[in-house]
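Below, chains carry the letters A, B, ... as their sequence lines are ordered, and counting in each starts from 1. No hydrogens, no waters, no symmetry mates; every other heavy atom, side chains included, goes into these values.
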2 protein chains.
Amino acid sequence: MIVKALKKGHSLQTEDGRELLGPDATKGERTRVRILDEAVAVASEGGVGAVTLGPLAERLGMSKSGLFAHFRSKEALQVDVLKRAAERFTEVVIAPIREEKDKPKRLGLFFSNWLDWLEHPSLGAGRGSCPVMAAYFEFDDVPGPVRDQAAEHSAQLYDLIRKLARIALPEADEDAVAATIDGLALSHLMRFRLMRDGKARAHTMKAFDALLKNPPLKDA
Amino acid sequence: MIVKALKKGHSLQTEDGRELLGPDATKGERTRVRILDEAVAVASEGGVGAVTLGPLAERLGMSKSGLFAHFRSKEALQVDVLKRAAERFTEVVIAPIREEKDKPKRLGLFFSNWLDWLEHPSLGAGRGSCPVMAAYFEFDDVPGPVRDQAAEHSAQLYDLIRKLARIALPEADEDAVAATIDGLALSHLMRFRLMRDGKARAHTMKAFDALLKNPPLKDA
DNA sequence: GAATAAAACGAACGGTCGTGCTATTCTTCT
DNA sequence: AGAAGAATAGCACGACCGTTCGTTTTATTC
């Protein structure tokens, strides 16, 4: 069974349009999602490379082969883990900003949500960090479908940032602004999780506010 | 035999002060460095976690057990790989900025060198990226000596950036500046290596120049 | 050059990994 | 309720992993 992620509506659905997780979902579809959610938690703690069949099956109370049957291969599982994590990201970070009707303010809301996501990932119970971001660096030089998936997600996210920047700061150079914002999030994760810097958020927000106030201008 | 890395002089030496690599170095010391250099190349391509004994030994034309004998464990090897990579970083990125006698200009030189390092790591032959940066995200939630080493290096580097920022931009908030610069380097690596964005450097430098022109100020 | 120490090897171990098979249990649909 | 099909379990395999051990080769020291 092939499942695809939708860009809008933040839900998974099968090829024929039925919702996963809903009561009309098939047994296999439901456990499939259960597996992926647990796998995202594992990936949050040890990276996508740490998503391994045996231990994952044990965490779920099922057999390794039973789990394996849901995915053609481990690589396919890892790709789906990334997709599922991106889904979560959309739900938690991107979707809520639509409630802000003052569109120029959406950039700040997006960034704030992003930091929340990095500090308190809904999965991993405080012991994990964003698996997608980790995959950016884990697979950046490892060719294969996992790398491709990570690259696609990073490109989509980067486009979104540019778009939000264009609306919020019409006179700014959107590429330079996006580079700075993207970097602030990456650096924030590093300072917060690796260095355990309690002031990480304050420093990140100060830099972000300064960027909004004096952004790089076009043709400067 | 215990080897320690020096912060100054960018060379390895043994506990009794003899230089490694010099003609008076012992056989074991020389091959030890050879192993680490090759291991850094491997780590550049696949991350520190990809440093594995068998394939590494084969690349070096030696036996797995002979290689293993140089390190008490695989973890110790990985830690030393990180140390060696940090050594290289010091040689290529940090040491040369001392030649700039106009100290405020050192920040820009440092950043430029950093981007050079990320784009053309002396090891990995174009197929690898900075292993230390990758380790930041690979091990940020994996307790152990490898994580500790990565954390220590990130803290040292972050301190250096703050110090350079303080000299270059005395009126600026050094923490916010450091966060932005650190982030720009991380984001640059992502755009250059994962997204293969040919314009990455131009965008990064534009953002950096804008930061120097309008940095976040203290107590703003 | 002989004695001693260091370094490298080869083979083997226990363990874990991903992946095929076949059989069994459970859903789902008529 | 029963047939058809999906989902899961059990088991085995080959490959690779880190590590150990005893032996052999190579450096170093006297």
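For the residue pair A:Ser154 and B:Arg191, no side-chain donor N or O sits within less than 3.5 Å of a side-chain acceptor on the partner.
Counting non-hydrogen atoms under 4.0 angstrom, B:Ala69 reaches nothing in the nucleic acid. A:Thr52 comes within 4.0 angstrom of the backbone, heavy atoms only, and of no base.
In the set C:dA8, D:dT20, D:dC17, C:dA8 carries the atom at the smallest distance from any side-chain atom of B:His70. Across C:dG10, C:dG18, D:dA9, the shortest atom-to-atom separation from the side chain of A:Lys74 is found for C:dG18. Among the nucleotides C:dA8, C:dT28, C:dA7, the one closest to the side chain of B:Thr26 is C:dA7.
Using cut-offs of 30° and 60° on the angle between ring planes, the pair A:Phe89 and A:Trp114 is perpendicular. Ring planes of A:Phe111 and A:Phe208: parallel class, angle under 30° (limits at 30 and 60°).
Between the CG atom of B:Leu77 and the C1' atom of D:dG18 there is a distance of 11 Å, rounded to whole Å. Atom CZ in B:Phe71 sits about 15 Å away from atom P in D:dT20, given to the nearest Å. Regarding B:Leu56, its CG atom lies at a distance of 13 Å from the C1' atom of D:dG18, rounded to whole Å. The distance from atom CZ of A:Arg32 to atom C1' of C:dT27 is 19 Å, rounded to the nearest whole Å. Atom CZ of A:Phe68 and atom C1' of D:dA7 are 15 Å apart (whole Å). For the pair B:Leu67 CG and D:dT20 C1', the interatomic distance rounds to 15 Å; values are reported in whole Å. Put simply, NZ on B:Lys27 is 9 Å from P on D:dT26, counting in whole angstrom units. We find that CD of B:Glu29 is positioned 15 Å from P of D:dA27, with the value rounded to whole Å.
The main-chain N or O of A:Asp140 is never found under 3.5 Å from a side-chain atom of B:Arg193 such that the two would form a donor-acceptor pair. Distance alone, capped at 3.5 Å, is enough to place a donor-acceptor pair between the A:Glu29 side chain and the A:Thr26 backbone.
On a pure distance criterion of 3.5 Å, a polar donor-acceptor pair joins the side chain of B:Lys64 and the base of D:dG18. With hydrogens and angles left out, the side chain of A:Ser63 and the base of D:dG10 share no donor-acceptor pair within 3.5 Å.
One finds no side-chain N or O of B:Thr31 lying less than 4.0 angstrom from the OP1 or OP2 phosphate oxygen of C:dA7.
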